[in-house]
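The first residue of the sequence shown is numbered 1, and numbering continues consecutively from there.
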Amino acid sequence: MFLSVFDLFKIGIGPSSSHTMGPMTAARRFLDEILAGDWPRPAGVKVDRIGASLHGSLAYTGIGHGSDRAVILGLAGQTPQTVDPDEADGIVARIGAEKRISPPGHPTYSFDPAKDLVLDRKTPLTGHANGMAFYAYDASDRLLLKRIYYSIGGGFVVSEEELQRMKAKGSVTTEGRRVPYPFKNAVEMLAMAAKSGLSIAEMKRANEEKLMSREELDEGLDAIWGAMKGCIDRGLSQDGIMPGGLKVRRRARQLHDKLQEQWQQNRPNPLLANDWLSIYAMAVNEENAAGGRVVTAPTNGAAGTLPAVLRYWLHFHPEADQPSIRDFLLTAAAVGGIIKSNASISGAEVGCQGEVGSASAMAAAGLCAVMGGTPEQVENAAEIALEHHLGMTCDPVGGLVQVPCIERNALGAVKAVTAASLAIKGDGTHFVPLDAAIETMRQTGLDMNEKYKETSLGGLAVNVVEC
């Protein structure tokens, strides 16, 4: 069992990996199935019209998360990795006006978003809270093909059949990859580290280099950090109101300018590191809320925590360098893979403990590692960060990834740094194992009421008056 660092860190557009990137990917996948033609249909009959329906959490918060927009973009042939955020609205508007789509390599299909894209809140799909169905019809409106997909968090999309196979195996990890250190939980990870004498990053690197060359791996890791850094920089340069109707104003740039003034005046500020952490995280999540390009870390809704901690490392630690950035990302991905394999990173499945909680644990592990932490200290750091997010609900106001999501990422970054600092001052011995915290998160998610799992039916979503 193995999840690559590039399975967890995906470059795409906001505001949500499971509600935006996932549906876009699913739409593209459906187009590929149509084109492949590997499904029964009468001779000479062609697809004339396409439809789609969103269910569960995708239906309840689809508008706020841009799920409808993502499906339209996917059916237009766009991908999360390559779509230009500045052109996306124009593509959606044109399809809405023309009521047809012409994806590359396909004929033109009828598709009227007002009629053919349904947010079905009454019919949940049983496999996962983020379910969607796609339909292909002939000119007589006869159904030719139906496919169900699930967006299971972090941009991952699986078919109904794939989900059943994964559940039967008790894992959502990628199959068919033989690696030298196939740890599936923290206990195995620490045992392999002790036996090999390698760090967690070194074991993760050895696993990755079974799939690609060292040069390809380093190039990919550098590209991930480049996208994260670019997102921070763009977020720190933008002003104005974020889209969606809540009229939430961007704050990162204004706060950044104030911090820069204090920095230049060289005044003592005991909260300075926390302030920078918060601003970096907010910059990313403001970009995400505006539909900009972000990196799932491990999700879009939690995309700001890890980049903020990594930027903090570069900002405040003179020993930080390019190799340490790669080690940070590799260590974080090792922990993220364990969490995803044994619990969930989906807010619709386990609440925000699975998104920001996982991100904070990954960031704490990465920071502890580059600060010189042993594998035991790294595992301790991840556990501390995750433990103190247990029970956190996902209750976005208006279905938008803005309130409380933006500030929640900032506090997740602060917790990550604190967790790493606490862990590295100890010897790695601690009471609660990381695996126990992960299992607790999984059980808590199962017990959590559905209205607190990215449906906007409880919590802040119903107790804050929308303006």
Side-chain angles (χ1 to χ4, degrees), residues 9 224-239 242 248-290 292 294-295 297 301-322 324-329 331-332 356-357 359-373 381 384-385 388-389 402 404-425:
F9 298 124
I224 289 171
W225 169 239
M228 288 178 173
K229 181 179 181 298
C231 187
I232 292 173
D233 291 341
R234 179 170 170 79
L236 294 177
S237 70
Q238 301 297 305
D239 285 317
M242 288 176 284
V248 176
R249 182 175 295 278
R250 288 182 183 247
R251 291 179 289 162
R253 177 177 179 175
Q254 181 183 11
L255 294 172
H256 175 261
D257 292 344
K258 289 182 179 179
L259 271 188
Q260 285 282 45
E261 292 177 10
Q262 295 177 10
W263 185 270
Q264 292 167 1
Q265 292 169 0
N266 202 27
R267 293 180 178 175
N269 180 359
L271 296 177
L272 190 62
N274 282 354
D275 290 344
W276 281 110
L277 272 169
S278 299
I279 289 169
Y280 291 148
M282 290 170 65
V284 171
N285 285 88
E286 287 176 357
E287 273 298 288
N288 181 61
V294 300
V295 179
T305 295
L306 191 145
V309 174
L310 189 43
R311 185 72 169 256
Y312 155 86
W313 162 249
L314 294 169
H315 190 150
F316 287 98
H317 292 261
E319 68 272 28
D321 55 14
Q322 196 68 22
S324 70
I325 294 173
R326 296 166 186 162
D327 286 345
F328 186 111
L329 293 172
T331 306
V356 172
S360 186
M362 292 165 65
L367 180 60
C368 186
V370 296
M371 290 171 65
I384 294 171
H388 298 290
H389 284 88
Q402 296 179 16
C405 316
I406 294 172
E407 288 180 355
R408 190 167 282 175
N409 273 260
L411 272 293
V414 172
K415 287 184 181 181
V417 172
T418 303
S421 181
L422 286 172
I424 207 163
K425 290 178 175 63

> Would a 4.5 Å heavy-atom cut-off, applied to side chains only, mark T331 and V370 as touching?
Replying inline: no
Side chain proximity check, K258 to I279, heavy atoms < 4.5 angstrom:
no
Exercise. Is the side chain of N285 donor-acceptor paired with the backbone N or O of N288 at a distance under 3.5 Å, no angle test?
Worked result: no
CE of M371 to CH2 of W313, rounded to nearest 0.5 Å, is 7.0 Å
message = For R234, is there an ion pair with E286 - N to carboxylate O distance below 4.0 angstrom?
response = no
dist D257:CG -> Q254:CD (nearest 0.5 Å) comes out at 8.0 Å
Can you give the donor-acceptor pairs under 3.5 Å from side chains of residues 412-422 to other protein atoms, not counting sequence neighbours?
| unit_1 | atom_1 | unit_2 | atom_2 | d |
| --- | --- | --- | --- | --- |
| K415 | NZ | H388 | O | 2.7 |
| T418 | OG1 | V414 | O | 2.9 |
| S421 | OG | K425 | NZ | 2.7 |

Shortest non-hydrogen pair, F328 vs L367, comes out as CE1-N, 3.3 Å
d(L411 CG, N274 CG) to nearest 0.5 Å is 9.0 Å
Fill in: Residue pair L259 / L272, side-chain heavy-atom distance below 4.5 Å
yes
Between M282 and A410 the two heavy atoms that sit nearest each other are CG-CB, 4.2 Å
Query - Within 6.0 Å of CD in Q238, more than 12 heavy atoms from elsewhere - result: yes
Worksheet item: Does some side-chain heavy atom of V295 sit less than 4.5 Å from a side-chain heavy atom of V284?
Response: no
Heavy-atom closest pair (C231 atom, V294 atom, distance to 0.1 Å) is SG-CG1, 3.5 Å
Worksheet item: Mind checking whether Y280 and H315 have parallel, tilted or perpendicular rings, split at 30° and 60°?
Response: tilted
Separation between CE (M362) and OG1 (T305), nearest 0.5 Å, reads 10.5 Å
The reported gap from CG in D239 to CZ in R249 (rounded to nearest 0.5 angstrom) is 8.0 Å
* Asked: Quick one: do the S278 and D275 side chains pair a donor with an acceptor below 3.5 Å?
  -> no
Looking only at heavy atoms, the pair that brings F9 and A332 closest together is CZ-CB, 4.3 Å
Distance col, row S237:OG vs R250:CZ, nearest 0.5 angstrom, shows 8.0 Å
Closest heavy-atom pair, A385 versus A364, reported as atoms and distance to 0.1 Å, is CB-CB, 3.9 Å
Taking every heavy atom of L236 against every heavy atom of A283, the minimum-distance pair comes out as CD2-CB, 3.8 Å
Q265 meets the side chain to side chain contact (heavy atoms under 4.5 Å, CB included) criterion, sequence neighbours left out, with R267
Residue set satisfying side chain to side chain donor-acceptor pair (under 3.5 Å) with Q260, at least two apart, ordered chain then number -> none
- Message: Within the 4.5 Å heavy-atom criterion, are R251 and E407 side-chain neighbours or not?
- Response: yes
